[in-house]
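Chain A is the first sequence line, chain B the second, and so forth, proteins listed ahead of strands; every chain is numbered from 1.
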Amino acid sequence: MSELPKTFDPKAIEERWYAHWESGGLFRPERGDAKPWTIVMPPPNVTGSLHIGHALDITLQDVLTRRERMLGKDALWVVGTDHAGIATQMVVERTIAGQGLKRQELGREKFLDIVWDWKNQSGGTITRQLRRLGASCDWAHERFTMDERYQRAVAYVFVEMHKRGLIYRDKRLVNWDPRFQTAISDLEVETRDVQGKFWTLSYPLADNSGAIQVATTRPETMLADMAVAVHPEDERYRALIGKQLKHPITGRLIPIIADEHADPELGSGAVKITPGHDFNDYEVGKRAGFKPADMLNMFDAEANVVQTQDGLIPQDLLGLSRDDARKAIIPMLESEGALVRVEDRVIPTPFGDRSGAVIEPWLTDQWYADVAKLALPAIQAVTKGDIRIVPESWAKTWFNWLENIQPWCVSRQLWWGHRIPAWYAEDGRVFVAESEEEARKQAGDQPLRQDEDVLDTWFSSALWPFVTLGWPEETEELKRHYPNDVLISGFDILFFWDARMAMQGIEFMGEVPWKTLYLHGLVRDAQGQKMSKSKGNTVDPLGLIDKYGADAMRFTLAAMESQGRDIKLDEKRVEGYRNFATKLWNAARVLQMNGVGASDSIAAPAAELPVNRWIIGEVLETLAKLDRAFDELRYDEMADSIYHFVWGTFCDWYVELIKGAFDEETKAVAAWAFDQILVMLHPLMPFITEELWSAFPRPYELIVANWPEPRAQVDRRAKAEIESLVCVIAEARTMRAELNIPWSATLTPHIIGNASLVDRLGSDAATLARMAKLAAPMLAETAPPNSAQVVVNGTTIAFPLGDAIDLDAEKSRLDKAAAAAEKERDGLAQRLANPNFTERAKPEAVEKARSDHEAKSAEAERLRAALERLG
RNA sequence: GGGCGCGUAGCUCAGUGGUAGAGCACACCCUUCACACGGGUGGGGUCGUAGGUUCAAACCCUACCGCGCCCA
């Protein structure tokens with residue numbers, strides 16, 4: 001065993017250990033008979049790179065997975081990447097644009113070849129980065145959402161849903177992204193407030209008997225106006241309902257209709273209706289009897305003006321963008337005298353979440369999933385407790401969204417993705433089938449053309465928990481690992497992914513995909529700002545790993561992960577936990593230097609010495625806290641309990657107490673306790689713990705070691721004894737610091753009237769000398785003159801200082817301590833004097849108050865007496 | 001407009017109805033043979049405001065103020 005270097009250098013060990021674990025198959029050892037435990041990783045975008053949100057997500061999953069593996073289970077953490085339709089196609093399009101190429105010029109096949117090349121080249125970036133975090137996932141079976149088998153499963157699901165009436169084709173308004181030129185789902189639309197204007201226009205009655213004022217935030221869409229709506233109860237307009245208006249620009253004759261959508265309070269109370277370009281107007285139009293196919297459309301796929309069916313749009317407006325059309329229309333309105341007024345107004349405006357383009361509601365044929373039918377079982381799964389949502393507060397959001405769910409537009413006008421398995425005959429009939437052959441069988445002998453579109457990426461990722469296990473084949477993996485045990489995801493994909501997984505899982509597997517859904521927050525910067533590239537406040541997890549090590553970063557994220565809160569990441573915390581790793585490292589060194597080796601037992605060794613019996617008990621208590629934290633998924637408590645045990649108990653006290661007395665028993669206990677630390681800390685800090693584990697000769701790696709089973713009990717007496725020793729040392733140190741007594745001066749504790757304490761402390765004389773610079777304690781009847789005095793558990797201990805004493809300082813010190821004790825004593829006395837308390841409070845509370853009162857009274861009394869003696 | 005969450009020490013956050021804790025920061029002391037990425041000691045909070053329930057409220061209830069997020 002070579003001596004450990006003085007400072008822990010994460011870089012030197014991380015890569016080595018990761019490679020060792022992976023090549024040794026240790027992330028998923030053969031454990032066919034063991035109880036299965038399963039989690040699937042949210043597949044990152046194949047062309048993505050690691051950001052701090054991944055780091056959190058992955059850490060939380062790895063922590064659980066590593067512990068379950070140590071518990072002896074067949075722990076499977078499924079890993080893979082997502083083809084990420086829009087994101088990937090965008091990246092590749094941008095790249096080939098650099099070479100002056102356009103996908104339309106290349107054609108579908110060539111373009112897809114390029115995307116696959118790109119995927120094969122750059123798809124490894126994110127998976128390499130996951131490895132740097134220490135993610136112990138099942139790389140041997142890495143998946144991709146466009147694997148051939150996965151594609152078959154997706155096609156099967158689509159066809160099956162179509163058969164079950166859960167998927168249909170429909171012409172209606174969709175959210176059209178004019179930049180990517182594809183439909184997107186409601187979830188991909190982000191509404192932001194934009195400073196805009198509110199225009200009031202005047203539309204003349206066709207019979208020239210007057211005009212009606214209408215208000216709009218988008219005047220350019222007037223080119224496709226089909227009506228003006230007023231509220232049926234609005235007295236001002238009642239007489240006009242049914243009359244025709246002459247559109248000021250197109251001259252189109254449009255009716256005045258009654259519809260409750262018109263808000264009498266807003267503007268003039270009359271609104272223009274453009275069913276082809278506004279979701280509300282679409283509904284109004286349908287109520288007014290317009291068929292979707294007849295609704296006027298004035299935009300092409302890029303949202304430039306095109307001629308409406310009736311051919312009434314003036315020639316010079318054709319081809320203009322939405323903005324330019326608006327600019328051109330305003331002077332036209334002015335010259336017609338149709339522009340009444342313009343006011344500033346904040347307008348909620350829809351944007352594509354990826355493109356940033358203003359979304360245009362557009363009438364198109366798309367495929368829809370009737371998710372309302374699937375939502376009900378997903379709601380019930382949570383109500384019945386088949387899925388436990390953590391933190392629970394998210395359940396309400398879950399219900400609310402699922403209860404109000406809208407049809408999901410699943411088709412995308414992209415090339416990269418799962419192509420929709422639908423074929424069209426020339427007569428317009430559509431055949432949905434898993435393959436062209438199958439479609440041909442249905443269609444008979446006629447030419448077929450496959451649907452050009454692909455599916456929403458989330459349609460395929462919704463199948464992740466079972467398709468990755470081999471579904472639709474009934475594999476052994478699937479049987480063992482579905483449902484998964486837990487899913488961990490950010491709340492930002494609760495609807496996009498989690499809810500859809502639940503719906504699809506229940507529909508196709510007949511069972512929920514996971515028993516627990518854990519949702520974590522976002523990682524923000526130290527000021528609480530959302531991180532974004534444009535703000536330049538992103539924290540690069542790889543940079544943090546380079547600087548502080550993966551263990552420190554993981555520990556930080558876990559320690560800061562408290563349920564229901566976002567994480568404000570402060571680099572100082574990472575630094576602090578790097579220091580913690582170094583502290584642990586050095587604890588190993590001191591043990592090593594004193595001949596402590598690897599422990600040879602899983603159970604706690606037999607021990608006689610109080611200090612050893614005490615530390616065994618402390619390990620047990622820490623383990624209990626840790627196990628509870630794991631059960632409750634309280635990552636902050638996991639980190640907290642192990643941190644305080646390692647630093648505050650093991651290093652600060654146990655190691656200090658046993659220094660200089662490394663007998664065989666102590667060596668055995670120290671070795672055991674340190675082993676327990678390594679095991680308990682391993683899920684959070686896998687690298688350093690594995691390295692230290694190996695620093696002592698072992699037959700197997702820590703990653704596959706057993707989670708602690710101490711088979712021992714806390715020894716109350718040993719605990720009390722060590723705690724009083726600790727208390728004496730702490731009191732003596734405080735007294736030294738407050739009285740400015742130099743460390744060079746050895747003090748002799750005079751124990752007043754407590755022979756058994758003298759005995760006990762006598763056996764710890766060496767410890768007292770080392771830790772508090774005290775001589776052997778002696779029994780005394782009263783405190784010698786010029787003594788500093790402390791009270792420990794009701795016993796006064798005096799330290800004669802002779803001329804060195806600063807009487808005033810000592811008096812004020814004692815007075816302060818006495819006052820504090822008296823204050824507590826009096827508070828308790830007051831409570832005990834209240835019959836309402838003694839009669840109505842819980843007996844334990846009363847009992848505790850009594851004993852606390854007694855202790856505080858005694859302490860105050862002793863301190864006052866000590867003060868008396870000083871004169 | 002509806003929903004969710006947050007407001008506790010200078011900062012970031014824990015906190016079970018029984019009289020407030022941690023880390024960092026700060027101050028003082030210590031280069032004591034594991035560790036200065038360290039050791040020791042200390043100061044610092046009327047728990048957002050106002051009511052209510054209770055013997056007892058940071059914790060439960062109500063209202064208000066401030067902040068954040070989601071949905072419409």
Original post:
P atom, G1(B) versus C60(B): distance in rounded Å?
Top reply: 27 Å

**OP:** Answer whether the closest heavy-atom distance between the side chains of Tyr282(A) and Pro361(A) falls below 4.5 Å.
**Re:** no

Original post:
Just by distance, with hydrogens left out, do Thr666(A) and Asp663(A) show a side-chain donor and acceptor under 3.5 Å apart?
Top reply: yes

Original post:
Who passes ring pair (Phe, Tyr, Trp, His ring centres under 6.0 Å) against Trp585(A), sequence neighbours left out?
Top reply: Phe8(A)

Original post:
Reckon Arg565(A) has a side-chain N or O less than 4.0 Å from the OP1 or OP2 of A14(B)?
Top reply: yes

Subject >> Spacing between Met771(A) atom CE and G40(B) atom C1', to the nearest angstrom >> reply: 10 Å

Subject >> side-chain N/O Arg813(A) vs U41(B) OP1/OP2, d < 4.0 Å >> reply: no

Subject >> Whole angstrom value for the distance that separates C1' of C35(B) from CD1 of Ile688(A) >> reply: 12 Å

Original post:
Does a side-chain N or O from Asn579(A) land closer than 4.0 Å to OP1 or OP2 of G38(B), or not?
Top reply: yes

Subject >> Between Tyr643(A) and Tyr577(A), ring centroids under 6.0 Å >> reply: yes

Original post:
Closer than 4.0 Å, any side-chain N/O of Lys568(A) to the OP1 or OP2 of C13(B)?
Top reply: yes

Original post:
So, are Arg634(A) and Asp636(A) salt-bridged, with charged N and O less than 4.0 Å apart?
Top reply: yes

**OP:** Please determine if a side-chain N or O atom of Ser393(A) lies less than 4.0 Å away from the OP1 or OP2 oxygen of C4(B).
**Re:** no

Original post:
Between G48(B) and G10(B), how far is it from one P atom to the other, in whole Å?
Top reply: 13 Å

Subject >> Length of the CZ-P vector between Phe650(A) and C35(B), whole Å >> reply: 16 Å

Subject >> Stretch residues 823-837 of chain A: residues that reach within less than 4.0 Å of RNA chain B through a heavy atom >> reply: Arg831(A), Asn834(A), Asn836(A), Phe837(A)

Original post:
Looking across every strand, which nucleic acid part, if any, lies under 4.0 Å from Lys842(A) by heavy atom: base, sugar-phosphate, or nothing?
Top reply: base

**OP:** Give one of base, sugar-phosphate or nothing for Arg578(A), where a contact means two heavy atoms less than 4.0 Å apart.
**Re:** base

Original post:
Taking atom P in both C11(B) and C47(B), what distance in whole Å separates the two?
Top reply: 16 Å

**OP:** Establish whether the base of A34(B) is bridged to the side chain of Lys659(A) by a donor-acceptor pair shorter than 3.5 Å.
**Re:** yes

Original post:
Does a side-chain heavy-atom distance below 4.5 Å link Val669(A) with Val611(A)?
Top reply: no

Original post:
If you round to the nearest 0.5 Å, how far is CG of Asp806(A) from CZ of Arg813(A)?
Top reply: 11.0 Å

Original post:
The side chain of Ala587(A) lies closest to which of these nucleotides: A34(B), G42(B), C37(B)?
Top reply: A34(B)

**OP:** Identify the two heavy atoms, one from Pro749(A) and one from Ile797(A), that lie closest to each other, and give their separation to 0.1 Å.
**Re:** CB-CG2, 3.7 Å

Original post:
Hey, does the side chain of Lys396(A) come within less than 4.0 Å of C4(B)'s phosphate (OP1/OP2), counting only N and O?
Top reply: yes

Subject >> Nucleotide C37(B), atom C1' - distance to OH of Tyr643(A) in whole Å >> reply: 11 Å

Original post:
5'-most contact on RNA chain B: Phe491(A) or Asn740(A), nearest heavy atom basis?
Top reply: Asn740(A)

Original post:
Contact class for Thr838(A) vs. all strands (heavy atom < 4.0 Å): base, sugar-phosphate, or nothing?
Top reply: nothing

Original post:
Can you tell me how far P in G15(B) sits from the matching atom in C55(B), rounded to whole Å?
Top reply: 28 Å

Original post:
Does the pair Lys811(A)/Asp815(A) count as a salt bridge with the N-to-O cut at 4.0 Å?
Top reply: no

Subject >> Rounded C1' spacing from G68(B) to G18(B) in Å >> reply: 34 Å

Original post:
Between Arg831(A) and Asn834(A), do the side chains contain an N or O donor and an N or O acceptor separated by less than 3.5 Å?
Top reply: no

Original post:
Distance between the C1' atoms of G38(B) and U32(B), in whole angstroms?
Top reply: 12 Å

Original post:
Contacts to RNA chain B from residues 624-633 of chain A, heavy-atom cutoff under 4.0 Å, which residues?
Top reply: none

**OP:** For Thr734(A), report the nucleic acid contact type (base, sugar-phosphate, nothing); a contact means any heavy atom under 4.0 Å.
**Re:** sugar-phosphate

**OP:** With RNA chain B as reference, determine whether Met560(A) or Ala730(A) sits nearer its 5' end, using the nearest nucleotide of each.
**Re:** Met560(A)

Original post:
Is the phosphate of G39(B), meaning OP1 or OP2, less than 4.0 Å from a side-chain N or O of Trp647(A)?
Top reply: yes

Subject >> Under-4.0 Å salt bridge between Arg218(A) and Glu360(A) >> reply: yes

Original post:
Which heavy atom in Trp398(A) sits nearest to a heavy atom in Ile379(A), and how many Å separate them?
Top reply: NE1-CA, 4.1 Å

Sequence neighbours left out, cut at 3.5 Å: what donor-acceptor pairs do the side chains of residues 556-565 of chain A make with other protein atoms?
from: Thr556(A); atom 1: OG1; to: Ala552(A); atom 2: O; distance (Å): 2.6
from: Glu561(A); atom 1: OE2; to: Tyr518(A); atom 2: OH; distance (Å): 2.6
from: Gln563(A); atom 1: NE2; to: Glu632(A); atom 2: O; distance (Å): 3.0
from: Gln563(A); atom 1: NE2; to: Leu633(A); atom 2: O; distance (Å): 3.1

Original post:
Looking only at atom P, what distance separates U49(B) and C65(B), rounded to whole Å?
Top reply: 15 Å

Original post:
In whole Å, what separates the P atom of A9(B) from that of U46(B)?
Top reply: 9 Å

**OP:** Answer with base, sugar-phosphate or nothing: what part of the nucleic acid does Glu637(A) contact at a heavy-atom distance below 4.0 Å?
**Re:** nothing

Original post:
Which part of the nucleic acid, if any, lies within reach of Glu190(A) when heavy atoms closer than 4.0 Å are counted: base, sugar-phosphate only, or nothing?
Top reply: nothing

**OP:** Treat a base pair as Watson-Crick or G-U wobble with both distances under 3.5 Å, then lay out RNA chain B in dot-bracket form, 5' to 3', with | for cross-strand pairs.
**Re:** ((((((((.[[[[.)..(..]]]].(((((.......))))).....[[[[[..)....]]]]]))))))).

Original post:
Got a sec, which residues hit side chain to side chain donor-acceptor pair (under 3.5 Å) with Glu14(A), two or more places apart in sequence or on another chain?
Top reply: none

